[in-house]
Amino acid sequence: MASWVGEYGARLKEQEKEIKSLIAEIESLKNPVVLDFSSGLNEMLEENAKLKYRVNVLKRSLQEEESKAEIGMININQRLQNIFHIAIKIAYPHLENLPSAVTPSQSSKFGDYQCNSAMAISQLLKAKGEKSNPREIAQKIISNIPKNDIIENVDIAGPGFINVNLKREFVSELLRDLLVNGVRPPSVGPKKKVVVDFSSPNIAKEMHVGHLRSTIIGDSMCRLFEFVGYDVLRLNHVGDWGTQFGMLIAHLHDKFPDYLVVSPPIGDLQTFYKESKKRFDEDETFKKRAYQCVVQLQNHNPDIIKAWNMICDVSRKEFQKIYDSLDIKLIERGESFYQDMMNYVVKLFEEKGLVQLDEGRKIVFPPGCSVPLTIVKSDGGYTYDTSDLAALRQRIFDEKADIIIYVVDNGQSMHFQTVFAAAQMIGWYDPKIIRIEHTGFGVVLGEDKKKFKTRSGETVRLADLLEEGLKRSMDKLLEKEREKVLTPEEFKAAKEAVAFGCIKYADLSHNRINDYVFSFNKMLDDRGNTAAYLLYALTRIRSITRLANIDGESLQNAAAETTIVLSHEKEWKLGKCILRFPEILHKILDDLYLHTLCDYLFELATTFTEFYDNCYCVEKDRQTGEVIKVNMWRMLLCEATAAVMAKGFSILGLKPVQRM
Ligand code: ARG
């Protein structure tokens, strides 16, 4: 895939260089070495001509970029940003780190987009002791805006805000493109390899709501990366190695001695885990045997490995049920996968002299960290730290990842910062080249704002939680008597889409870094920023074309032939809102905050409602209800809204339903 943004970025860099050398040339003109006045003047004139020529080259290259056929959907905001960047560079060639901030305007009074750089430039100039009236600066920027096909006009408001109005034909044309070619990803440069480490529950322990958050957020990130064409490795870094297996296996040995021939009934692994833990804590000889089992496991004793496999299988099946309900795909690659690499990793750190001894433990203390990593325990065993170092190394060198994301709760933030620092210390990666990030998230709270628990104070089982979601969503649908209009299949689809969609959306729509309150009542409410509301909104939009008897093919044909008129204020607002989708995705790729997408989809749905309440799409005979007139361009606006919403849902992992 050709990379427009990448090329464009490179081109801008080149232009920056050109401008810098221009400045150097201008500076050299002022150089007192030019003593002969007449020849100095000649040189100056010559330089002036050169300068003009180069500015023209700059402008022309921008036009060329714009006329190039786009591969992905256009990010209008970024396009404007680039235009203003050039205008400002030409206006103020001697300023470094120029701010060129363009944002969508909050109100139509301020145009469609705004550039507020004049104020910041004024500050920069003031610092240099130069004249700095922001309005004059804005004027100077405006007069240097290169020729382009997207800006209709600009004006200056207040102290120096530049209001930008977009060309209607440009917006209309982009909408047509969206309808004809579908919702394509925005350009993101060369294809990247991404590893996302998410979900990652622990074997033999119940998957809890913390893992649910990781599962939902991680899946959505993967979907976004996949949509823009990256090669994504979805990894489930399950906790399947370590001391707890010693006691589990020793207990299995005692309770089901013939486990090698008959599968033991350990369906309830939780109870099994609790029993073994109790013995481990109370019985010294059992404890010793448990430790021996760990050693045997690490030495790959076949019987012990078989026991380990059995235990893992039981857990795996439980986890899989949850992944199936939520339609989440991932590859299990737990801690055990890295066992052999751990020896090597410890050796590497030792060889480089990066290991210290601390009361029999081997520790690694990267600069700037407050707590060291323990890479070998005093009994010789490895730890969570060791396995994460080995995993990181494998992902950098074997997977050749360009981006590695860990979707794990905020509580592990220090662990990851230390692991990343250790990896940099030993020279495994340069953060400027490989992006490695812990994208943390807060805890799930109950409606009482305390840690999420069942009424009896137990941790909530994920399976029970999903079950309850289904029940509540069914009650909602029954309350609306939907069973009377939907077929049983449609009813089931609606029930699941609402239940699982609401649980996912409630999580994703909150800023992940904060704690969030889990409330079925709120998430199933069909008013407000919820999946229930958005799913309804989308089915309703889809039903508009259906009720007007327009099939997909006629819509496709219409898209190619009809000009999308954007003369009504609400049509214009909706059109622009639809086209902000690429801008939203670029932002999320940058900061990995998915709630931005939820906020956007909610805004799109409400903007659509404003449009629909004000603009007739279909005109019907009041008596007969017969369709008399279809305003096709408005139908196309409905269709474009639906297409973007559907794509947004698919990134969030929500399943739209035909009817609900
Ligand atoms: N199993 C861990 C836990 O439940 C999460 C693992 C996250 N991934 C990682 N590479 N450490 O806390």
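Atoms within a ligand are numbered from 1 in the order they appear, just like the ligands themselves. Bear in mind that the values here come from a model prediction, so they are computed numbers and not experimental data. All values below were derived from every heavy atom in this structure, side-chain atoms included, with hydrogens, water molecules and symmetry-related copies excluded. Throughout, residue positions are numbered sequentially from 1 according to the sequence presented.
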Neighbouring residues of ligand 1, heavy-atom cut-off under 4.0 Å: D197, S200, N202, H211, H237, Y384, D388, Y406, V408, Q412, F416
Pair R512, H595: side-chain N/O donor-acceptor within cut-off below 3.5 Å: no
Flag if over 12 foreign heavy atoms under 6.0 Å of CD, E467: no
Parallel, tilted or perpendicular: rings of H300 and W241 (30°, 60°): tilted
Parallel, tilted or perpendicular, as decided by the 30° and 60° cut-offs, for the rings of H415 and Y384: parallel
Y406-E437 side chain donor-acceptor pair, cut-off 3.5 Å: no
side-chain hydrogen bond (donor to acceptor under 3.5 Å, both in side chains) against S378, all qualifying residues, sequence neighbours excluded: none
